[in-house]
Novice: 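Here you go, one structure.
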Amino acid sequence: MANSTLDRNRPAASESQPTNEPNESFGDILSQYEQAHSHRSEEGGKGLEGTVIAVSGESVFLDIGFKTEGIIPLADFQATGDSVKPGDKLPVSIKGRDPEGYYELSRIKVERPRDWSSLEKAFADKSAIAGVITAVVKGGVSVDVGVRAFMPASRSGAKDAAEMEKLIGQEITCRIIKLDVADEDVVVDRRAVLEDEERAAKERRYTEVKEGETVQGTVRSLTEYGAFVDIGGVDALLHVADISWGRVNKPADVLTVGQQVEARVLKVDAAKRRISLGMKQLQPHPWDLVNEKYKMGERVQGTVTRVADFGAFVELEKGIEGLIHLSEMSWSKKVRKPSDVVKPGEQVDVVILGVNQADRRISLGLKQALGDPWADVLQKFPVGSVAEGAVTSLQKFGAFIQVTEGVEGMIHIGDISADKRLNHPQDVLKMGQVVKAQVLEVDTEKRRLRLGMKQLVPTSLDEYIAEHKEGDVVTGRMTDVSGGRARVELGEGVQGMCRMGAETPEKEEKAEASANLSSLTSMLEKKWKGGHGEGAKREAARAGQIRSFRIVKLDPATKKIELELA
């Protein structure tokens, strides 16, 4: 400790230092290496000050007081973000010469200790010092920090033996982690310094990155909620919602580890060391042109992305979704939930019902794309025709049956049965039962179709019409005569209308004509037993008369019979 300068020729380090061979000390190995590289050691050990004389596209040239200039790669300055210009003075050390004869220099960022007291102070302050790696030895490398020092492989920062070999001759920054002056035992650590530098670089990066700027990065890892991207020493989060304007289920669907990406910085929180990125923000927002691309009433195709209780969302393009409300899914009333009609991933044709660019909403209709089933109901189901369908609903006032897709008709409780009074339609009908009914009324504006079942049950009038034809002469009793027309009863439940012409009064025939319907048959047999010849007498038409009539017209649809006097 008495000497003010370090003695490089002192005895080898203590026995605690690793050795390369059993009989060869650390000092012997180091001495052999120094003798083989004496010129480099002498030059490299000198701390010089260089003056920048020129800066080219690749190199920085410095005057170091020798006949030949020194050279430092410009990339060394760019990597640390340092600027350099002619006239700048820099502390440097010589590593060797390049093929063109220039001295290869390295920048000295920290000073190399000059004596043991300097080493003790650096050890006590835990400050960084400069050193040159001189050889690979067992368990690590030897380092010239003014004295011979040992650096374990685990503290070198190298990944493997091949990488440690490349460190020979390089100037490094390290920290003393063990110092024994008596035994001249010095152990240094480069890895701790590198980690400190990495942390410092990250801290600088968090302050350098600005919101709104565009950065390049490499995808480092993928999660369910996003991707972590290395943007120059720090990881930033690219959330799944900010990858694309379109829906992305998971980042792995569109990104891969190692992929180079371009993104915009959305938020920087230096205190929490968080940076948020967005890729979609570099692309135009698809909603900006939605009014030009989607017109009301237009038929388009899309993909169902998700289904909710109130409807289904359909992606028309990346970033543009519309909603099919439950009420717009089917013309039928039986849709209970959207999943009964559509499934996620299904391709569907829809009609644009409305576009609200400000609120970013598009209303879609699925049933409109299928066509309005009520458009041709009048042609398919005219009044008097017969419709068939399954019972879809039973209410106290009647039953609903589906006659075709999207069209339901209602049978009033009074039109279900002709022979008995019902308390509820379920007395004779059940859900899903297929029935036939006659169309009684069609209202396309109100979308109403009134049906009747009892109208299809044959009556005495139906049977009478089926058994007769126009021109037949029949017998009947006039029940009402007024206004030149007479209502004629042809049988039980069978009535016709007769237009009365001008008649010549004749002698009244004394005949007892009872108005009682039950004696009609016997009276007819008695009265017309001898037939209707020229001797038959006629009297003025009046209610209660039994006369002969000719059928002029039979209308099964309206169930009307028109007569004339025979």
Side-chain angles (χ1 to χ4, degrees), residues 296-316 322-354 362-413 415-416 425-426 428-456 557:
M296 195 169 172
E298 182 182 8
R299 185 188 182 101
V300 295
Q301 190 177 72
T303 304
V304 178
T305 56
R306 54 195 172 102
V307 177
D309 293 337
F310 52 85
F313 290 91
V314 176
E315 184 180 60
L316 304 180
L323 172 66
I324 308 174
H325 193 269
L326 181 64
S327 61
E328 304 297 345
M329 289 193 164
S330 173
W331 295 108
S332 174
K333 298 179 180 178
K334 60 183 180 181
V335 178
R336 296 282 187 268
K337 50 185 179 180
S339 57
D340 291 339
V341 182
V342 295
K343 305 293 183 185
E346 183 180 349
Q347 294 282 329
V348 293
D349 288 330
V350 291
V351 172
I352 306 293
L353 303 182
I362 296 180
S363 300
L364 305 174
L366 181 64
K367 66 184 184 182
Q368 289 81 358
L370 302 175
D372 189 350
W374 280 88
D376 56 357
V377 164
L378 276 174
Q379 289 73 33
K380 286 185 177 180
F381 305 102
V383 174
S385 64
V386 177
E388 183 177 0
V391 176
T392 59
S393 176
L394 292 172
Q395 305 295 331
K396 187 174 182 180
F397 56 84
F400 289 90
I401 70 169
Q402 183 171 323
V403 297
T404 187
E405 179 65 32
V407 178
E408 287 187 334
M410 192 272 286
I411 307 174
H412 192 272
I413 189 171
D415 290 317
I416 294 177
Q426 65 187 10
V428 294
L429 298 175
K430 60 182 180 180
M431 293 289 292
Q433 180 181 349
V434 178
V435 298
K436 290 183 178 181
Q438 188 176 60
V439 178
L440 305 179
E441 181 186 354
V442 180
D443 189 335
T444 54
E445 287 188 6
K446 295 182 179 179
R447 296 179 183 264
R448 291 179 183 173
L449 185 65
R450 190 165 68 86
L451 307 173
M453 291 176 60
K454 73 178 185 180
Q455 286 78 3
L456 296 181

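Positions are given from 1, in the same order as the sequence printed here.
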Novice: What heavy-atom pair brings A399 and L429 nearest, and what distance separates the two atoms?
Specialist: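 Here A399 and L429 meet closest at CB-CD1, 3.9 Å.
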Novice: Do NZ/NE/NH1/NH2 and the carboxylate oxygens of D309 and R336 come within less than 4.0 Å?
Specialist: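 A salt bridge is absent here (no side-chain N lies under 4.0 Å from a carboxylate O).
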Novice: Enter the distance from I411:CD1 to I401:CD1 here, rounded to the nearest 0.5 Å.
Specialist: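 Result: 4.5 Å between the selected atoms.
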Novice: Rounded to the nearest 0.5 Å, what separation is found between the CD atom of E441 and the NE2 atom of H412?
Specialist: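 Those atoms lie 12.5 Å apart.
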Novice: For the pair Q347 and T303, evaluate side-chain hydrogen bond (donor to acceptor under 3.5 Å, both in side chains) and give the outcome as yes or no after the intermediate values.
Specialist: CA-CA 5 Å; Q347 294 282 329; T303 304; 2.7 Å; yes
Novice: Side chains of I352 and L316, heavy atoms from C-beta outward: is any pair under 4.5 Å?
Specialist: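 Yes - at least one pair of side-chain heavy atoms lies under 4.5 Å apart.
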Novice: Measuring only between side-chain heavy atoms, which start at C-beta, is L456 closer than 4.5 Å to K436?
Specialist: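 In short, these two side chains touch, coming nearer than 4.5 Å.
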Novice: Do you know the tightest heavy-atom contact between A369 and D349?
Specialist: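 Scanning both residues, the minimum pair turns out to be CB-O, 3.3 Å.
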Novice: Taking T305 for the side chain and F313 for the main chain, is one N or O donor matched with an acceptor at less than 3.5 Å?
Specialist: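 Confirmed, T305 side chain pairs with F313 backbone.
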Novice: Within a strict 4.5 Å, meaning less than it, do heavy atoms of the L353 and Q368 side chains meet?
Specialist: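 L353 vs Q368: side chains touch.
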Novice: Knowing that exactly one of V342, D340, L370 qualifies, which makes a side chain to side chain contact (heavy atoms under 4.5 Å, CB included) with M329?
Specialist: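 Of the listed options, the one satisfying the test is V342.
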Novice: Quick one, E408 and S393 - any side-chain contact, counting heavy atoms below 4.5 Å?
Specialist: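 Heavy-atom side-chain distance check fails, nothing below 4.5 Å.
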Novice: Is there a side chain to side chain contact (heavy atoms under 4.5 Å, CB included) between L440 and Q455 once you walk through the steps?
Specialist: CA-CA 9 Å; L440 305 179; Q455 286 78 3; 3.7 Å; yes
Novice: Below 4.5 Å, heavy atoms only, C-beta onward: do V314 and V300 meet side chain to side chain?
Specialist: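 A side-chain contact is absent here, since even the closest heavy-atom pair is not under 4.5 Å.
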Novice: Could you check if a side-chain atom of T392 sits within less than 4.5 angstrom of a side-chain atom of F400, using non-hydrogen atoms only?
Specialist: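 Touching, per the 4.5 Å side-chain cut-off.
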Novice: With rounding to the nearest 0.5 Å, note down the distance linking OG1 in T404 to CD in E388.
Specialist: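 Spacing of OG1 (T404) from CD (E388) equals 12.0 Å.
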Novice: When you compare the side chain of V435 with that of M453, does any pair of heavy atoms fall below 4.5 Å?
Specialist: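 Side-chain contact under 4.5 Å: yes.
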Novice: Roughly how far, to the nearest 0.5 Å, is CG of D372 from CZ of R447?
Specialist: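 Output value for this atom pair is 4.0 Å.
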Novice: Walk me through it: do I413 and K396 pass the test side chain to side chain contact (heavy atoms under 4.5 Å, CB included)?
Specialist: CA-CA 8 Å; I413 189 171; K396 187 174 182 180; over 6 Å; no
Novice: Can you measure from CD (Q438) to CZ (R450) and round to the nearest 0.5 angstrom?
Specialist: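 CZ of R450 is found 10.5 Å from CD of Q438.
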Novice: For a side chain to side chain contact (heavy atoms under 4.5 Å, CB included) check, start with the C-alpha distance between L366 and E328, then their side-chain angles and the critical distance, and finish with the verdict.
Specialist: CA-CA 6 Å; L366 181 64; E328 304 297 345; over 6 Å; no
Novice: Do you know the tightest heavy-atom contact between P338 and A308?
Specialist: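 Closest heavy-atom pair between P338 and A308: CG-O, 3.1 Å.
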Novice: Under a 4.5 Å cut-off applied to non-hydrogen side-chain atoms, are P382 and V442 in contact?
Specialist: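 They are not in side-chain contact.
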Novice: Kindly determine whether I362 and L323 satisfy side chain to side chain contact (heavy atoms under 4.5 Å, CB included), including the steps that lead there.
Specialist: CA-CA 6 Å; I362 296 180; L323 172 66; over 6 Å; no
Novice: Indicate yes or no for a side-chain donor-acceptor contact from Q433 to the backbone of K430 under 3.5 Å, with no hydrogens or angles considered.
Specialist: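 Confirmed, Q433 side chain pairs with K430 backbone.
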Novice: Side chain of K343, backbone of S339: donor and acceptor closer than 3.5 Å?
Specialist: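 Yes.
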Novice: Rounded at 0.5 Å granularity, tell me how far CD in Q379 sits from OG in S385.
Specialist: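 OG of S385 is found 11.5 Å from CD of Q379.
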